[in-house]
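Some notes on the structure that comes next.
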Amino acid sequence: MNYKSTRDNSISVTSAKAIAQGLSAEGGLFVPESIPQLTKDEIMTLCEKSYPERAFDIFRKYLSDFSDDEIKYCVNGAYSDKNFDSENISEISHLMPGTYILELWHGPTCAFKDMALQILPYLLTVSAKKVIDGKEIAILVATSGDTGKAALEGFKDVPGTSITVFYPEDGVSDMQKRQMTTQEGSNVNVCAVKGNFDDCQNGVKAIFTDEKVKSELEKLGMTFSSANSINWGRLSPQIVYYISAYASLVKSGDIEYGEKVNIVVPTGNFGNILAAYYAKEMGLPVNKLICASNANNVLTDFINTGIYDRNRRFYTTISPSMDILISSNLERLLHHLTGGDDKQIAEWFGKLSKDGRYEVTPEVKAKIGELFYAGCCDDEATKGAIKQAFDEYSYLMDTHTGVAYKVYNDYKAATGDTTKTIIASTANPYKFGKAVYEAVGGETEGLDEFTIIEKLEEKTGTEIPAPLAATRTKQVRFTGSVEKSGMPKVVLDFLGSR
Ligand SMILES: *Cc1c(COP(=O)(O)O)cnc(C)c1O
């Protein structure tokens with residue numbers, strides 16, 4: 001199977017090329033030419049398989065230019081209990097009958113980004129051998145917090161790669177900052193940017209297409225790639241866990257095969273929920289995809305009105321990994337919903353970068369309305385949802401999952417829908433300890449991050465995950481901070497010194 005660019009149908013590349021390159025040259029995203037199908041029998045056979053075996057079966061459909069051995073090397077390397085605290089890789093908790101929390105944060109950085117970023121270095125180095133032999137891959141990442149750390153853990157000391165991460169100086173939690181600035185490894189670089197996540201992301205995009213930087217890179221024998229969810233190698237692993245969760249629920253007898261489920265996803269860049277859309281289009285029995293946003297509710301408005309308008313106030317919230325006004329992966333959805341109309345996509349996204357706004361056709365809006373429900377909530381409502389889940393079900397969730405849970409409750413109240421539902425839980429609560437502790441009634445005034453999480457542990461009887469506890473004693477290695485305009489120099493200085 002080949003991959004097309006969303007903005008130019010004449011471009012068609014193998015999966016290895018799509019993954020190695022990250023973004024198409026004219027700025028489009030790579031999408032599969034057709035969405036492969038999963039039969040009932042195939043889903044049933046997954047029930048008896050392990051997570052890496054399930055991942056193998058699904059990747060085979062997307063990575064047709066990889067050999068079986070190559071795919072096995074990737075899935076077995078990434079999804080083992082060496083990297084994850086559970087051999088199931090992701091866990092399912094039961095909040096109440098018919099409401100399942102899909103915990104995607106059992107990896108080394110305690111956020112769902114690990115599900116993709118543990119395997120991306122494998123996918124990328126195998127791809128690079130096929131299509132850009134000999135060149136070192138320089139990974140650039142813009143992060144709203146969790147991607148950066150997960151990418152650093154995935155790529156640290158991987159031969160033939162280096163990684164530079166930019167994060168918004170005041171846009172991440174204390175724990176997220178600490179996790180990144182204490183990162184170990186000989187091929188890693190971390191720098192703060194005076195701006196928000198969109199500044200970081202636009203800065204990275206500008207470096208990718210900067211001719212001067214590119215020619216410097218050629219001289220160094222390196223090539224750029226991306227670990228952001230614009231890369232197909234980031235997105236495809238996320239399809240796996242929705243299908244895997246369904247298989248697990250069939251196996252445990254919680255659902256019958258064929259029974260539809262809702263999937264609720266706390267969303268920023270539209271990556272994680274897009275993976276759920278692919279799972280549905282592959283044939284997974286899904287009813288509604290429920291898109292949950294925080295106060296940065298550009299997606300809620302888009303899904304409800306068909307107008308995408310980023311010209312609005314930017315909020316810094318307690319769910320910082322969703323503080324995003326440009327949801328890149330929406331471009332892939334619109335590609336599929338327009339039947340691959342590259343000119344239309346190029347026009348809309350041209351308007352987005354020029355005016356910050358575009359409006360889809362009534363047909364596309366109607367299709368979106370059939371597939372999705374969208375809702376949002378502010379910080380106070382998020383904290384209220386965390387408290388309610390803890391008080392009623394003794395389940396402690398993080399702030400992003402709190403947004404999803406609140407929006408799901410609103411959805412149920414608005415629709416009366418009693419379909420069984422999977423809520424994607426995207427981070428361990430201790431990653432956002434301050435807000436979570438406040439949500440369950442704790443006082444944080446004047447306390448440092450580590451005191452807070454110890455108090456959270458005492459109050460809730462839950463446990464600080466080992467990787468987060470370990471950051472306490474680690475040395476801070478990266479203290480740099482630049483304006484957006486200084487980002488290219490940070491990259492070139494680092495790569496030049498390698
Ligand atoms: C990245 C992230 C999200 C948002 O995921 P998208 O793919 O950008 O929609 C939600 N929650 C957490 C904890 C994250 O790290």
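Start at 1 and go down the list; that is how both ligands and their atoms are numbered.
Under a 4.0 Å criterion applied to the non-hydrogen atoms of Ala427, ligand 1 contributes the atoms 13 (C). Numbered from 1 in the order shown, with element, the atoms of ligand 1 that lie under 4.0 Å from a heavy atom of Gly268 read 4 (C), 6 (P), 8 (O), 9 (O). Near Asn269, the atoms of ligand 1 lying under 4.0 angstrom from a non-hydrogen atom of the residue are 6 (P), 8 (O), 9 (O). Atoms of ligand 1 lying under 4.0 Å from any heavy atom of Gly271, numbered from 1 in the order shown and given with element: 6 (P), 7 (O), 9 (O). Ligand 1 places these atoms under 4.0 Å from at least one heavy atom of Thr267: 9 (O).
Salt bridge absent: Arg472 and Glu449 never bring a charged side-chain N and a carboxylate O closer than 4.0 Å. Salt-bridge formation is not detected for the pair Lys351/Asp355: no Lys NZ or Arg NE/NH1/NH2 atom is positioned less than 4.0 Å from an Asp or Glu carboxylate oxygen. A salt bridge between Lys194 and Asp170 is absent, with no side-chain N of the basic residue lying under 4.0 Å from a carboxylate O of the acidic one.
Remark: Lys383 NZ is packed, more than 12 non-hydrogen atoms of other residues, nucleotides or ligands lying under 6.0 Å away. Shown here is Glu392, whose CD atom has more than 12 heavy atoms of other residues, nucleotides or ligands within 6.0 Å. Within 6.0 Å of atom CD in Glu26, more than 12 heavy atoms from other residues, nucleotides or ligands are found, so the atom counts as buried in its surroundings.
Given atom 11 (N) of ligand 1, the protein heavy atom at minimum distance is Thr426 OG1, 2.8 Å.
For the residues Asp146, Leu235, Asn272, the heavy atom positioned nearest atom 7 (O) of ligand 1 is part of Asn272. Of all the listed residues (His400, Gln238, Arg234, Lys113), Lys113 holds the heavy atom that lies closest to atom 14 (C) of ligand 1.
Using a 4.0 angstrom heavy-atom cutoff, Phe112 counts as in contact with ligand 1. Look at Pro266 and you'll find a heavy atom under 4.0 Å from some atom of ligand 1.
On a distance-only criterion, Asp398 and ligand 1 share no N/O pair closer than 3.5 Å.
The side chain of Met322, and not its backbone, has at least one atom closer than 4.0 Å to an atom of ligand 1 (non-hydrogen atoms only; side chain from C-beta on).
Contact of the Ile307 side chain with the Phe302 side chain is not registered, since no non-hydrogen atoms from C-beta on lie closer than 4.5 Å.
With no hydrogens or angles considered, a side-chain donor-acceptor pair links Arg312 and Asn297 at under 3.5 Å.
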